[in-house]
Amino acid sequence: MSSLVSSQTEDFIDWWQHAVFYQIYPRSFKDSNGDGIGDLQGIISKLPYLAETGITATWLSPIFQSPMVDFGYDISDYRAIQPEYGSRADFDQLVHKASSLGIKIILDFVPNHSSDQHEWFKKSVARDPIYENFYVWADGKKDELGVRQPPNNWQSVFYGSAWEWNEQRQQYYLHQFTKEQPDLNYRNPAVVQAMDEVLLFWLNKGVAGFRIDAVNHLFEREDLADEPLSGKTADPLSYEYTKHVHTKDLPEVLAMVQHWRQLLDDYSAKHPDGVTRIMMTEAYADLHVLMDYYETADGVRGSQMPFNFHFITDVDCDSDARDFVYNVEKWLIYMPRGHAANWVMGNHDNPRVASRFGSASVDAMNMLLLTLPGIAVTYNGEELGMEDYREISWEDTVDPPARNAGKKDYKKVSRDPERTPFQWSNASNADFSTAAKTWLPVNPNYLVLNLAAQQEAARSHYKVYKALIELRKLPTLRRGRFSIEPLSRAVFALKRTLKDYETIVTIINVSAKEQLINLTDFINGPHKLIVEVAGVESTYNPGDFLFMASSQKSDKNWQLQLSPFAGLVLSHGPAGMSAQRRLLLKQIIKSFNVVLVALLMYNLWRHKWTKVNFN
Ligand code: GLC
């Protein structure tokens, strides 16, 4: 058994180190004006929902002016709000309201590329001396027949050559994503400066940090050498055709991340409001590379949160308990000391949890996410167990890589299924919008799978999610030691311990069969266990007592029963009362104290007033 996270004192925990970050995909969250597209006023109207759920901060996918080729990841003005989403005044209102509810706002920063409609690109095409080298331009090559060809064999992530010919400038420009997303040239200090100003602009508007998009694509090899073939496919236009050794994860990326870290740290230091401004970086990369984002061997710090996508990329519905344990431990083993782990369960680029692991796994995956040490990242809708809507027709399909793949293959790559509108209730369009047609169709399962139904039900995925966030307030989950191990191929358990506090144990069955589990060995001896959180289908209820006294594996009296893909969160130790109840009791005592103090003050004031009148 490993014990990888040493307990920290409360003083060491900054606001983000144990936060629950909630990703909002603005286009699909809530439409306030009936145009079928989500917007800022829609988000503002749902901030109380986030607060009630217990979210620390919300990361908004891009809300900036954009022709929407890649739905906001193609920005034509980094400082303007996309008009269909609202205005700067709406944004100010959003930050203000969020702050009054104790929620921090994180913005998506898309540095690798702008839109081809950005002024900078237009001026670069026109060879305006200031902007001439803002993008990556190159002459083409001539083939044997004298026909012009792109400078090398690099492909776009979204299929096809990464080079597009520009007639006006008579050169190719690089685009690692769609051709409408030209790559900015970070070897030009003026680009670095311009992007620093963008960051400062939004920091001054009160954001707590940034999610940095596609960061490992920022630099390419300067001599534009061909990339070696991967041998994975014969299609030279597929992104899989080459190994991306010259276009991804270049060492220069780290220097840029460190530069932005410095900018954020300087900003935080100059604004003594106590809020550390943070960055979370998006890179699907090798573990060693990701760890350097945290901190390089020479001790230079970069990203506070290099996204840990391993629950998305490295485990699936066929993984067994050992795979899950290995998946968790590898991050913690490699992570440099003094940093916070982060766990990402889903996002707008990948199938949803219910569709990757199966809908029966929703509660268990949230139990795992929210009881692991460090930061939890939830994609909107995962708290309800929303499912991908895979039946979107070709005609309704809008995602660029899906359109590039064509009618026959679009479903294999489309990201539209996980981006469908949020399912608020069983009202028309799931109460997302009053429009006749929404930008992406609503998943028809909204009639049964929606927030309102889950708020009303005695048991629901949402209630489990909320109970887990409540439980995270416990000192044990905030800063307790951690260990995890497979109990069999089907079941794994993780434990959080903190001196003088209750121990929290999460057990998860990742198999399709019911499992009987004896926990005596794992929890070290006989114990009275209390159920803290049980899934929707569980036979246990929060508050139930379970007695573990025998280590005889076959002794049926001491076995827990876990249904297929179910999880359970238990506690044991000194309180002898469920942690949930203890928290409630604390709250009651606190409110009681507030009333007492108020009464006392009132009496003092009355006394003084009376005295004044007597004189
Ligand atoms: C990131 C985004 C994705 C986008 C791409 C290009 O991977 O998450 O949605 O298409 O960058 O900006």
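Every number for a ligand or one of its atoms is a count from 1 in the order of the listing.
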Discussion item. For atom 7 (O) of ligand 1, which of the options Glu282, Arg415, Arg211 provides the nearest non-hydrogen atom?
Written reply: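 Minimum heavy-atom distance to atom 7 (O) of ligand 1 goes to Glu282.
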Worksheet item: Nearest non-hydrogen atom to atom 5 (C) of ligand 1 belongs to which of Phe307, Phe177, Tyr25?
Response: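 Ranked by closest heavy atom to atom 5 (C) of ligand 1, first place is Phe177.
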Practice prompt. Please confirm whether Tyr326 and Trp331 have ring centers closer than 6.0 angstrom.
Written response: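 Tyr326 vs Trp331: aromatic centres not under 6.0 Å.
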Worksheet item: What about the rings of Tyr49 and Tyr462, do their centers lie closer together than 6.0 Å?
Response: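 Yes, ring centres under 6.0 Å apart.
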Worksheet item: Would you say Phe71 contacts ligand 1, with heavy atoms under 4.0 Å as the rule?
Response: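 It does not; every heavy atom stays at 4.0 Å or beyond.
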Worksheet item: Quick one: does His217 get a heavy atom under 4.0 Å from ligand 1?
Response: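 No.
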Under 4.0 Å from a heavy atom of [X]: give me the atoms of ligand 1 that qualify, with their elements.
X	result
Arg419	9 (O)
Asp70	4 (C), 5 (C), 6 (C), 10 (O), 12 (O)
His113	6 (C), 12 (O)

Worksheet item: What residue and atom, counting heavy atoms only, is the protein's closest point to atom 8 (O) of ligand 1, and at what distance?
Response: Asp349 OD2, 2.4 Å
Fill in: For atom 2 (C) of ligand 1, closest protein heavy-atom neighbour
Asp213 OD1, 3.0 Å
Worksheet item: From Leu184 CG over to Leu174 CG, what is the distance, rounded to the nearest 0.5 angstrom?
Response: 10.5 Å
Worksheet entry | Point-to-point distance, once rounded to the nearest 0.5 Å, from OH of Tyr22 to CD of Glu383 |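 These two atoms lie 3.5 Å from each other.
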Worksheet item: Are Arg277 and Trp16 in a cation-pi contact, defined as NZ or CZ under 6.0 Å from the six-membered ring centre and within 45° of the axis?
Response: no
Practice prompt. Give a yes/no verdict on a cation-pi contact between Lys104 and Trp59, requiring under 6.0 Å between NZ or CZ and the six-membered ring centre and an angle within 45° of the axis.
Written response: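 No; the conditions do not both hold, so Lys104 does not lie above the ring face of Trp59.
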Practice prompt. Taking Asn342 for its side chain and Ala376 for its backbone only, find out whether a donor-acceptor pair lies under 3.5 Å.
Written response: no
